[in-house]
Amino acid sequence: MMKKFLKRKTVLFLMMSLMLLLSACSSSGTGGETESGGASSGDSKSSEKLVIGFSQVGAESEWRTANTKSMQDAIKAAGHELKFSDAQQKQENQIKAIRSFIAQKVDAIVFSPVVETGFETVLQEAKDAGIPVFLADRAVDIEDDSLWVTFLGSDFVEEGRKAANWLVEETKDMDGEVNIVELQGTVGSAPAIDRKEGFEEVLKDHPNLKIIKSQTGDFTRAKGKEVMEAFLKSDGENIDVLYAHNDDMAIGAIQAIEEYGLTPGEDIKIIGVDAVRGAFEAMAAGKMNVTIECNPLFGPQMVDLIEAHLAGEEIEKRVAVEESMYTMDQAEELLPTREY
């Protein structure tokens with residue numbers, strides 16, 4: 001009887017010891033994963049699913065719509081999560097969106113500044129929160145460039161130069177003054193400032209090319225048409241050239257010119273910027289002479305830059321997008337190939 005009791009006691013002891021050992025192993029494994037963050041702890045941040053906040057200027061043009069789609073598609077294709085905000089061309093909306101991204105603790109912020117100035121405070125808040133900021137399409141004018149990682153976009157000054165150089169070549173055999181009216185982009189925005197600067201830089205060496213009227217059209221077709229109507233009302237018979245800071249304003253102006261009774265592309269030469277599909281349609285119809293490309297399809301390139309930065313790679317402070325220029329005689333052939 002005593003032997004049976006001792007045998008049972010030994011078996012019970014062995015079973016309890018085995019249970020404690022298994023429990024200890026399980027506890028050790030769970031604790032190790034929690035402390036190390038699991039298998040992903042050895043990977044860089046860029047290999048994880050990121051949350052990216054993107055504040056867009058608005059939807060004021062074909063170009064902007066294409067740019068938004070390119071960014072959205074690229075972030076989704078890379079397996080990341082997008083938090084999107086449309087600023088509707090208002091800086092206060094954009095600042096509010098960036099603060100919302102900071103509160104949500106996103107991994108990176110991308111934004112296309114409505115205007116160049118006034119972002120110091122909110123960008124400092126992002127830096128203090130440890131969230132990198134990437135500038136898309138438009139730059140900011142602030143002293144502390146550590147508040148943003150890189151700018152990806154076009155050389156707007158060069159776009160202005162290209163537009164002016166085309167005009168110089170186009171009018172080289174004309175006698176007398178060439179009167180130009182200018183539809184500027186949003187006041188205070190980088191493309192409006194730079195496209196004007198580049199255009200005027202070339203014109204300085206050609207005093208016969210003269211800007212007689214210049215006013216903002218806010219980068220929209222409706223405003224472009226409205227301002228062009230005012231230009232025609234005051235100087236209709238004296239206008240030789242229209243230089244529009246984007247194609248949408250140029251397309252709006254074309255409608256105003258036709259309603260006034262003149263032939264766009266002939267009576268008034270039309271220069272646009274962006275190279276959107278609508279501009280190619282206008283050129284194919286003989287109503288627009290030239291458009292300077294400003295490529296909006298750089299979403300994949302931006303995602304690559306974000307991932308590279310978060311992986312610890314060093315990237316340039318300014319990354320340019322490759323672009324071209326297209327004239328009326330190329331439009332019909334290239335129109336079917338245009339993606340935006």
Side-chain angles (χ1 to χ4, degrees), residues 158-185 191-192 195-217 219 221 223-294 323-335:
E158 181 59 25
E159 290 170 355
R161 292 191 194 107
K162 285 179 181 178
N165 283 324
W166 176 86
L167 182 59
V168 168
E169 183 64 25
E170 182 72 11
T171 59
K172 66 182 180 182
D173 296 327
M174 289 177 61
D175 295 324
E177 289 189 344
V178 175
N179 294 326
I180 306 161
V181 292
E182 179 182 36
L183 285 171
Q184 296 182 44
R195 285 170 186 166
K196 184 173 182 63
E197 179 187 325
F199 193 76
E200 291 182 345
E201 178 188 306
V202 173
L203 259 56
K204 284 177 183 176
D205 297 327
H206 302 274
N208 64 310
L209 303 179
K210 185 180 177 184
I211 297 175
I212 59 171
K213 296 279 183 180
S214 182
Q215 191 174 322
T216 181
F219 285 128
R221 291 193 188 192
K223 188 71 173 177
K225 181 176 185 290
E226 178 188 321
V227 176
M228 191 65 197
E229 285 171 344
F231 287 165
L232 290 164
K233 190 174 181 180
S234 62
D235 292 274
E237 303 307 315
N238 298 319
I239 300 171
D240 300 306
V241 178
L242 164 65
Y243 169 46
H245 287 190
N246 83 339
D247 290 334
D248 280 77
M249 290 189 295
I251 292 165
I254 285 169
Q255 188 179 346
I257 292 167
E258 289 179 319
E259 289 175 2
Y260 185 78
L262 295 175
T263 304
E266 292 182 23
D267 296 326
I268 298 177
K269 305 284 186 187
I270 312 289
I271 305 170
V273 182
D274 279 352
V276 300
R277 188 176 183 83
F280 278 78
E281 290 170 348
M283 288 192 296
K287 298 178 180 182
M288 188 168 171
N289 303 84
V290 64
T291 181
I292 314 303
E293 186 178 35
C294 182
E323 294 163 339
S324 205
M325 179 178 76
Y326 303 98
T327 55
M328 185 188 288
D329 58 348
Q330 299 172 287
E332 191 171 352
E333 182 183 347
L334 294 175
L335 181 56

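When reading the values below, keep in mind they use all heavy atoms of this one structure, side chains included, and skip hydrogens, waters and symmetry mates. Quick caveat: nothing in here was measured; it's all calculated off a predicted structure.
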request  = Test Ile292 against Asn246 for side-chain contact (heavy atoms from CB on, under 4.5 Å), laying out the working first.
outcome  = CA-CA 9 Å; Ile292 314 303; Asn246 83 339; over 6 Å; no
ask   = Hey, is Glu170 close enough to Lys269 for a salt bridge, meaning N to O under 4.0 Å?
value =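 Lys269 and Glu170: salt-bridged.
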query = With a 4.0 Å cut-off, would you call Glu200 and Lys204 a salt bridge?
reply =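 So Glu200 does not pair with Lys204 through a salt bridge.
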If you measure from [atom1] on [X] to [atom2] on [Y], what distance do you get to the nearest 0.5 Å?
X	Y	atom1	atom2	result
Ile257	Leu242	CD1	CG	5.5 Å
Glu177	Leu209	CD	CG	9.5 Å
Asp235	Lys233	CG	NZ	12.5 Å
Ile212	Glu182	CD1	CD	12.0 Å
Tyr260	Leu232	OH	CG	6.0 Å
Ser324	Leu334	OG	CG	9.5 Å

message = Working note: Ile180 + Leu203, criterion side-chain contact (heavy atoms from CB on, under 4.5 Å); need CA distance, chi angles, decisive distance, verdict.
response = CA-CA 11 Å; Ile180 306 161; Leu203 259 56; 3.9 Å; yes
How close do [X] and [Y] get, counting heavy atoms only, and between which atoms?
X	Y	result
Pro264	Ile254	CG-CG2, 3.7 Å
Phe231	Leu183	CE1-CD2, 4.0 Å
Val178	Val241	CG1-CG2, 3.7 Å
Tyr243	Lys196	OH-N, 4.4 Å
Phe219	Ala192	CZ-N, 4.2 Å

Does [X] use its side chain to pair, donor to acceptor, with the backbone of [Y] at less than 3.5 Å?
X	Y	answer
Gln184	Thr216	no
Arg195	His245	yes
Asp247	Val273	yes
Gln330	Thr327	yes
Asn179	Asn238	yes
Asp274	Cys294	no

For residues 276-289, which side-chain donor-acceptor pairs fall under 3.5 Å, sequence neighbours excluded?
| residue | atom | partner | partner atom | Å |
| --- | --- | --- | --- | --- |
| Arg277 | NH1 | Leu335 | O | 3.0 |
| Arg277 | NH1 | Arg338 | O | 3.4 |
| Lys287 | NZ | Glu258 | OE2 | 3.0 |
| Asn289 | OD1 | Ile270 | N | 2.7 |
| Asn289 | ND2 | Gly265 | O | 3.1 |

task = Would you check, one step at a time, whether the test side-chain contact (heavy atoms from CB on, under 4.5 Å) holds for Trp166 with Ile271?
result = CA-CA 9 Å; Trp166 176 86; Ile271 305 170; 3.7 Å; yes
ask   = Does CD belonging to Glu201 count more than 12 external heavy atoms closer than 6.0 Å?
value =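 Enclosed.
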query = Does CG in Asp329 sit with more than 12 non-hydrogen atoms of other residues, nucleotides or ligands closer than 6.0 Å?
reply =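 Yes, enclosed.
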ask   = With Lys223, which of Lys225, Glu226, Arg221 fulfils side chain to side chain contact (heavy atoms under 4.5 Å, CB included)?
value =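 With Lys223 as partner, side chain to side chain contact (heavy atoms under 4.5 Å, CB included) holds for just one option, Glu226.
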key: Evaluation steps, side-chain contact (heavy atoms from CB on, under 4.5 Å), between Val181 and Ile211   = CA-CA 6 Å; Val181 292; Ile211 297 175; over 6 Å; no
key: CA sep, side-chain torsions, deciding dist, call: Lys162, Glu159, salt bridge (Lys or Arg N to Asp or Glu O under 4.0 Å)   = CA-CA 5 Å; Lys162 285 179 181 178; Glu159 290 170 355; over 6 Å; no
Any side-chain heavy-atom pair of Glu293 and Tyr326 under 4.5 Å =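 Contact flag for Glu293/Tyr326 side chains = yes.
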